[in-house]
*Asks:* 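If you scroll down you'll find the structure; I have some questions about it.
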Amino acid sequence: MEDIFIGKDDLLVTVQRFVDEGARLATATCLDEKDKFELIYHFQKEHDTINVRFKVDKDEEIPSISEITLTAALIENEMREFFGLKITGLVIDFKGRMILAGDSPETPLCKS
């Protein structure tokens, strides 16, 4: 397993490179660190796992990688819904109602 630490602005270029090299997105993780989110996109290439990690302030926007790999659309919608992560450019946008019902608490996994 390999961890690669990037800046938010390097996300799209890094993901495109991995996809071009034959890696596939397995899943992604959002960690709430009170004042920041740590995002980890987990890629698999052959028998290796590569974790692309970066941190953003909670009010920062990040670009969706769903135009590069469509499998990200569901994962990123879930992170937006449960944590309030500001993701722009989602190819499929459920507007915060993919999983949670209308009367569910907003961003239930986000620390206050």
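Heads up: numbering here begins at 1 and tracks the sequence.
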*Asks:* Shortest non-hydrogen contact from Ala72 to Ile65?
*Replies:*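 Nearest pair, atom of Ala72 first, then Ile65: CB-CG1, 3.3 Å.
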
*Asks:* Once side-chain hydrogen bond (donor to acceptor under 3.5 Å, both in side chains) is applied, do any residues pair with Ser104, and if so which ones, sequence neighbours excluded?
*Replies:*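 side-chain hydrogen bond (donor to acceptor under 3.5 Å, both in side chains) list for Ser104, sorted by chain: empty.
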
*Asks:* Over all heavy atoms of both residues, which pair between Phe54 and Tyr41 is shortest? Give the atoms and the distance, please.
*Replies:*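 Where Phe54 meets Tyr41 most closely, the heavy atoms are CE2-CE1, 3.8 Å.
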
*Asks:* If the condition is side-chain hydrogen bond (donor to acceptor under 3.5 Å, both in side chains), which residues does Glu106 pass it with, not counting sequence neighbours?
*Replies:*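 Counting only residues at least two positions away or on another chain, Glu106 forms no side-chain hydrogen bond (donor to acceptor under 3.5 Å, both in side chains).
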
*Asks:* Roughly how far, to the nearest 0.5 Å, is CG of Asp9 from CD1 of Ile62?
*Replies:*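 Between Ile62 CD1 and Asp9 CG, I get 11.5 Å after rounding to 0.5 Å.
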
*Asks:* Would the distance check show the side chain of Lys8 and the main-chain N or O of Val56 forming a donor-acceptor pair, the cut-off being under 3.5 Å?
*Replies:*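 Not a single qualifying donor-acceptor pair exists.
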
*Asks:* Mind checking whether Asp32 and Leu109 have side chains closer than 4.5 Å, heavy atoms only?
*Replies:*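 With C-beta onward as the side chain, the pair stays apart.
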
*Asks:* Linking Ile, Leu, Val, Met, Phe, Trp and Tyr through side-chain heavy atoms less than 4.5 Å apart, which residues share a cluster with Val13?
*Replies:*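 Answer for Val13: none, a lone residue.
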
*Asks:* If you look only at pairs with a residue in residues 78-90, which of them pass as a side-chain hydrogen bond (donor to acceptor under 3.5 Å, both in side chains), with sequence neighbours excluded?
*Replies:*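 Listed by first then second residue: Arg80-Asp93.
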
*Asks:* Could you work out, with salt bridge (Lys or Arg N to Asp or Glu O under 4.0 Å) as the rule, every residue matching Glu67, not counting sequence neighbours?
*Replies:*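 Applying salt bridge (Lys or Arg N to Asp or Glu O under 4.0 Å) to Glu67 gives none.
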
*Asks:* Enter the distance from Asp10:CG to Phe5:CZ here, rounded to the nearest 0.5 Å.
*Replies:*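 These two atoms lie 14.0 Å from each other.
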
*Asks:* Does any non-hydrogen side-chain atom of Lys58 lie less than 4.5 Å from one of Leu85?
*Replies:*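 Not touching, per the 4.5 Å side-chain cut-off.
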
*Asks:* State which residues pass side-chain contact (heavy atoms from CB on, under 4.5 Å) with Ile40; sequence neighbours excluded, sorted by chain then number.
*Replies:*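 With sequence neighbours excluded, Ile40 shows a side-chain contact (heavy atoms from CB on, under 4.5 Å) to Thr29, Leu31, Glu38, His42, Asn51, Arg53, given in chain and number order.
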
*Asks:* Quick one: CZ on Phe94 to CD1 on Ile92, what's the gap to the nearest 0.5 Å?
*Replies:*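 It comes to 6.0 Å.
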
*Asks:* Holding to salt bridge (Lys or Arg N to Asp or Glu O under 4.0 Å), I want the full list of residues that pass it with Glu61, two or more places apart in sequence or in another chain.
*Replies:*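 If we apply the salt bridge (Lys or Arg N to Asp or Glu O under 4.0 Å) test to Glu61, skipping adjacent residues, there are no hits.
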
*Asks:* Are Pro108 and Phe82 side-chain neighbours, meaning at least one heavy-atom pair lies under 4.5 Å?
*Replies:*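 SC-SC contact between Pro108 and Phe82 confirmed.
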
*Asks:* Can you list, pair by pair, the side-chain donor-acceptor contacts under 3.5 Å of residues 20-28, counting residues two or more places apart and other chains?
*Replies:*
| residue | atom | partner | partner atom | Å |
| --- | --- | --- | --- | --- |
| Asp20 | OD1 | Gln16 | NE2 | 2.8 |
| Arg24 | NH2 | Gln44 | OE1 | 2.6 |

*Asks:* Looking only at heavy atoms, what is the nearest atom pair of Phe83 and Thr107, with distance?
*Replies:*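 It is C-CG2, 3.7 Å.
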
*Asks:* Report yes if the side chains of Leu74 and Met98 come closer than 4.5 Å at any heavy-atom pair, otherwise no.
*Replies:*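 A side-chain contact exists here, since the closest heavy-atom pair is under 4.5 Å.
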
*Asks:* Which residues pass the side-chain contact (heavy atoms from CB on, under 4.5 Å) test with Ile4, not counting sequence neighbours?
*Replies:*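 Here the qualifying residues are Glu2, Ile6, Phe18, Ile50.
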
*Asks:* Taking side-chain hydrogen bond (donor to acceptor under 3.5 Å, both in side chains) as the test, write out the residues that go with Asp57, two or more places apart.
*Replies:*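 Asp57: side-chain hydrogen bond (donor to acceptor under 3.5 Å, both in side chains) contacts with Lys36.
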
*Asks:* For Lys45, give me all partners under side-chain hydrogen bond (donor to acceptor under 3.5 Å, both in side chains), at least two apart in sequence or on another chain.
*Replies:*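 Listed in chain order: nothing, the list is empty.
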
*Asks:* Check salt bridge (Lys or Arg N to Asp or Glu O under 4.0 Å) between Asp48 and all other residues, then give those that pass, not counting sequence neighbours.
*Replies:*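 Scan of Asp48 (salt bridge (Lys or Arg N to Asp or Glu O under 4.0 Å), adjacent residues dropped) gives none.
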
*Asks:* How close do Leu11 and Pro63 get, heavy atom to heavy atom, and via which atoms?
*Replies:*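 Closest pair (atom of Leu11, atom of Pro63, distance): CD2-O, 3.6 Å.
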
*Asks:* Taking all atoms of both residues into account, what is the closest heavy-atom pair of Cys30 and Met79, and its distance?
*Replies:*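 That would be CB-SD, 3.6 Å.
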
*Asks:* Heavy atoms only: give me the nearest Leu90-Ser64 pair and the separation to one decimal.
*Replies:*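 Leu90 and Ser64 have their closest heavy atoms at CD2-OG, 3.6 Å.
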
